Amino acid sequence: MNKYLSISPEVQQALAQGKPVVALESTIISHGMPYPQNVETALRVEQTIRDHGAVPATIAIIGGKLKAGCTPEEIEYLGKKGQAVTKASRRDLPVLIARQADGATTVATTMIIAAMAGIRVFATGGIGGVHRGAETTMDISADLEELAQTPVMVICAGAKSILDLGLTLEYLETKGVPVIGYGTEELPAFYTRHSGFRVDYRIDTPEELAAAFRAKLDMGLQGGMLVTNPIPEAYSMPADVINKAIDEAIAEANRLGIHGKETTPFLLAKVKDLTGGDSLAANIQLVLNNARLAAHTAAALVRG
Ligand code: PSU
Ligand code: MN
């Protein structure tokens, strides 16, 4: 086994016994939500995965080790440190490991570590993508390249309209990443169920998600699959409220010259402030919803 990888005993045992395991990211904890709601949510998400018959593996970098399966103490540590933890995408891994440092894993890095550990299904809130204005900034998340090359199914609630959703879909198409709508033909836009963009395929059951991903793995087609699961109706936000907040957040980021890896955390925090916490409540609910679907899909995948 990879000398940098440290799989928790529980996750190791589940994998050895062919039990379903669901990976979870840690940037959503450190940079995606404020303390203490971030830690509460991370623990609730783990419990939800257990309640639905799978084993959670929260992924992070701690003391230079690639962790597949964090303890509640490690989750508390990452959540409390918040933005002081390095947000770690693919390019950050070599130096963080050499320095025996900590890192909160983005979707890209969580996929890398999940794949190393043999975990096939990963639940989160939203992925990174092509930012608005990318035609001049070239700000395109490494998450998209990871989906193109690493064999992990990512279950999310679509992408926030801090991104250019149309260009994000074009990029995924070029890279050969299937974009699936769970129970919908329309790409969900994270806080809302509607974006006006179509997904590639609508799938209605965890069994069919698993069968499609199994076929991809069996054929040796590299890369992952993106499942977009709409936020439950009861928790979705009015589109005009959220879009106004996003437009304001982007305008402020441009004024302040925010760029690179700071952009996404800045926009997430700003949108949360502008919507007075309503967006945080929606965010928590959609992650729990994705955790349930991921647990069922991981179970279908191991049943074969
Ligand atoms: N979008 C969200 N919530 C998040 C993120 C994105 O709605 O927490 C985080 C994820 O960890 C994602 C990362 O992988 O931001 C993308 O950052 P960037 O755009 O810098 O690649
Ligand atoms: Mn970026």
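Everything numeric in this text was worked out from a predicted model, so none of it was measured. Note that ligands are numbered from 1 as they come in the structure, with each ligand's atoms numbered from 1 the same way.
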Is [X] touching ligand 1 with its side chain, its backbone, both, or neither, if touching means heavy atoms under 4.0 Å apart?
| X | value |
| --- | --- |
| T264 | side chain |
| T106 | both |
| L268 | side chain |
| H31 | neither |

Per-atom contacts of ligand 1 with [X], taking only distances under 4.0 Å to non-hydrogen atoms:
| X | result |
| --- | --- |
| D143 | 12 (C), 14 (O), 16 (C) |
| T27 | 11 (O) |
| F190 | 7 (O) |

Is there side-chain contact between [X] and [Y], with at least one heavy-atom pair below 4.5 Å?
| X | Y | value |
| --- | --- | --- |
| P178 | Y201 | no |
| E186 | S195 | yes |
| P56 | V22 | no |
| Q149 | M111 | no |

Which residue and non-hydrogen atom of the protein lie closest to [atom], and at what distance in Å?
| atom | value |
| --- | --- |
| atom 11 (O) of ligand 1 | E25 OE1, 2.6 Å |
| atom 2 (C) of ligand 1 | K160 NZ, 3.0 Å |
| atom 21 (O) of ligand 1 | S141 OG, 2.7 Å |

[Y] and [X] side chains, donor-acceptor separation under 3.5 Å:
| X | Y | value |
| --- | --- | --- |
| E145 | Y171 | yes |
| S236 | T192 | no |
| Y235 | N289 | no |
| E146 | T150 | yes |

Return yes if some donor-acceptor pair links the side-chain N/O of T184 with the main-chain N/O of G181 below 3.5 Å, else return no.
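Such a contact is absent between T184 side chain and G181 backbone.
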Can you spot which of E208, M153, R292, E207 makes a side-chain contact (heavy atoms from CB on, under 4.5 Å) with T297?
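Per the side-chain contact (heavy atoms from CB on, under 4.5 Å) rule, the option paired with T297 is M153, out of E208, M153, R292, E207.
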Do you know which of T86, T106, D139 makes side-chain contact (heavy atoms from CB on, under 4.5 Å) with K261?
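Among T86, T106, D139, the one meeting side-chain contact (heavy atoms from CB on, under 4.5 Å) with K261 is T86.
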Everything protein-side that's N, O or S and under 2.8 Å from the Mn ion (ligand 2): list it, residue and atom.
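Only D139 OD1 fall inside 2.8 Å of the Mn ion (ligand 2).
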Within a reach of under 6.0 Å around CZ of R202, are more than 12 heavy atoms found that belong to other residues, nucleotides or ligands?
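Yes.
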I'd like to know whether ligand 1 has M33 as a neighbour, heavy-atom separation below 4.0 Å.
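So M33 does not count as touching ligand 1.
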If you take the nearest heavy atom of each of G158, S30, G126, which one is closest to atom 5 (C) of ligand 1?
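The option holding the nearest heavy atom is G126.
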Candidate with minimal heavy-atom separation from atom 18 (P) of ligand 1, of H131, K87, K261:
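Ranked by closest heavy atom to atom 18 (P) of ligand 1, first place is K87.
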